[in-house]
Amino acid sequence: MGRKSLIVIVLPALLGILTGIIILAINPNAGRHVGDVLYSKGVNVDSYAYAVAKAAPSVVNIYVTSLSADDPSKDSGHENAEIRNSASGVIMRSDGYIVTNYHVVPSSNESGQAIWAMLRTGELYQAFVVGFDPRTDIAVLKVDAPDLKAIETQGVRHEPQVGDVVLAIGNPNNLGQTVTHGIISATARSGTGLMARNQMNIREGVQDLIQTDAPINNGNSGGALVNTAGELVGINTASFNGYQTYGIGFAVPTKLVTAVMGEIISHGRVIRGYLGISDDGSVPLPNNQGVGIRVGFVDPLGPAHGILEVGDVIYEVNTRRIGSLKEFIEYISSSGPGTKLSFKILRQDEELKLDVILSEDRVGVD
């Protein structure tokens, strides 16, 4: 190594040491935290703080209270009103549209109650019901508040996958905003919606639910299920509280929530076709021809009454083979009232072709 090369290497090092000595002489405390900084640079801290900071301001506490007995029209006095129910909601649009669960809001025949939305900042606004959809357990509320922070919805590039880490943000047991975490356990779970306001039947229907093991407790209803990017994956709707079961919760996926919300804002309800049957499960067709849907019940007031019978196996609709129960239900629901559908069925091994004109699913009329 030449003399010139040695000078190039050694001189900067000597200048650095000299500079450090001068700084310490002037301020002996200057290097006190250098060790901590160097150590922390090598520590990997896993955190979901970014996702929470991004999504949490869009999650609100929902309260259902009794109105003043003296003057039910009063908006004031909420501090002293009796809280009848507490839950959660998600700001979907900055102009005041909030989504929560249908089973959270009082029905039209439950008078003397008011709904309030509390922001993360503590600001409280009275909310009014725009509409609801019991089939998906979704209700849309409206508040008159400025510059609300709408949640970012999950993009197409981030379709929910089994194994994704998710965070549930809500107001469990009225403790205040709380975050729990878990993974997506399954997708495309389905259910009929609420058979009653206190009973969820996770079995068949139009919901296409996301199953998660992120803890969903009382009061989390209507809250947000978000991914680690802080994007909305779904609206928390129910937990399965059977005997010796835990870690089974459900959320309505964002894609379905936004579609239902759009219908409610446009029409005050979701307009669907109604066939008037319930299924008795999917059954394989003879000679490996696919699957069919066995009819388990026919609504005596529905359009299928007198045409379809219990035990019929439906395997084709409008020349379209049925691939699954979910696909069949989606097809019926998306066909508008007044649509004529041609069904091919098996009835005691006899092939029949029957036509039914759908009526409107009036489940959204409380």
Side-chain angles (χ1 to χ4, degrees), residues 102 131-138 187-195 201-209 252-253 255-264 266-366:
Y102 161 72
F132 46 79
D133 180 41
R135 291 284 187 216
T136 52
D137 196 26
I138 291 296
T187 58
R189 297 297 195 208
S190 53
T192 54
L194 293 181
M195 305 305 291
N201 179 18
I202 304 297
R203 170 65 181 84
E204 59 191 10
V206 298
Q207 288 174 304
D208 194 21
L209 298 171
V252 184
K255 185 177 179 181
L256 183 55
V257 171
T258 53
V260 167
M261 182 181 74
E263 284 277 301
I264 289 173
S266 297
H267 308 294
R269 67 187 191 282
V270 180
I271 300 174
R272 296 190 183 95
Y274 180 65
L275 179 60
I277 69 168
S278 63
D279 75 289
D280 195 21
S282 302
V283 295
L285 296 174
N287 304 317
N288 297 317
Q289 293 297 308
V291 298
I293 308 301
R294 181 185 286 127
V295 177
F297 171 78
V298 179
D299 180 357
L301 300 177
H305 179 65
I307 302 173
L308 297 177
E309 297 179 0
V310 173
D312 287 349
V313 176
I314 304 170
Y315 65 90
E316 190 175 289
V317 184
N318 284 3
T319 71
R320 176 176 173 174
R321 283 279 182 165
I322 294 171
S324 66
L325 174 60
K326 175 177 175 288
E327 181 184 302
F328 175 69
I329 293 170
E330 286 179 348
Y331 188 79
I332 299 299
S333 298
S334 61
S335 301
T339 302
K340 180 180 178 180
L341 299 181
S342 294
F343 296 91
K344 283 188 178 179
I345 70 166
L346 290 176
R347 179 178 294 170
Q348 298 176 351
D349 297 326
E350 180 184 2
E351 291 188 5
L352 298 173
K353 184 178 179 181
L354 303 170
D355 294 337
V356 179
I357 298 176
L358 301 180
S359 61
E360 183 179 345
D361 182 8
R362 302 294 290 174
V363 70
V365 179
D366 206 348

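Below, each value reflects all heavy atoms present in this structure, side chains not excepted, and no hydrogens, waters or symmetry copies.
Within the 4.5 Å cutoff, the side chain of V270 has no heavy atoms near those of the R135 side chain. When side chains are defined from C-beta on, V291 does not count as touching L285, because their heavy atoms never get closer than 4.5 Å. Using a 4.5 Å heavy-atom threshold, the side chains of I332 and L341 count as touching. In this structure the side chain of E309 never reaches within 4.5 angstrom of the side chain of V295, judged on heavy atoms. Under the 4.5 Å side-chain criterion, counting only non-hydrogen atoms from C-beta, R269 is not in contact with D133. Under the 4.5 Å side-chain criterion, counting only non-hydrogen atoms from C-beta, L354 is in contact with R347. Between Y274 and P303, the closest side-chain pair of non-hydrogen atoms falls below 4.5 Å.
Classification of the Y102-F132 ring pair by plane angle, with boundaries at 30° and 60°, yields tilted.
For the atom pair OG (S278) and CD1 (I293), the distance works out to 12.0 Å, reported to the nearest 0.5 Å. In this structure, CZ in F328 is found 5.5 Å from CG in L275, a value given to the nearest 0.5 Å. Note that the CG atom of L352 and the CD1 atom of I345 stand 4.5 Å from one another [nearest 0.5 Å]. Atom OG1 of T258 and atom CD1 of I138 lie 10.0 Å apart (nearest 0.5 Å). One distance of note links CZ of R272 with OG of S359; it measures 13.5 Å at 0.5 Å rounding.
Under a cut-off of 6.0 angstrom, the local environment of CG in D349 is sparse, with at most 12 non-hydrogen atoms contributed by other residues, nucleotides or ligands. Counting non-hydrogen atoms of neighbouring residues, nucleotides and ligands closer than 6.0 angstrom, the NE2 atom of H305 reaches no more than 12 such neighbours.
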Inset, instruction - Start with the C-alpha distance between E351 and L346, add both sets of side-chain angles, then the distance that settles side-chain contact (heavy atoms from CB on, under 4.5 Å), and finish with yes or no. - result: CA-CA 5 Å; E351 291 188 5; L346 290 176; 3.5 Å; yes
Side-chain donor-acceptor pairs under 3.5 Å in residues 313-323, sequence neighbours left out?
{"residue": "N318", "atom": "OD1", "partner": "S342", "partner atom": "N", "Å": "2.8"}
{"residue": "N318", "atom": "ND2", "partner": "Y331", "partner atom": "OH", "Å": "3.4"}
{"residue": "R321", "atom": "NH1", "partner": "Q289", "partner atom": "O", "Å": "3.4"}

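Of all non-hydrogen atoms in E360 and P337, the two that sit nearest each other are CB-CG, 3.6 Å.
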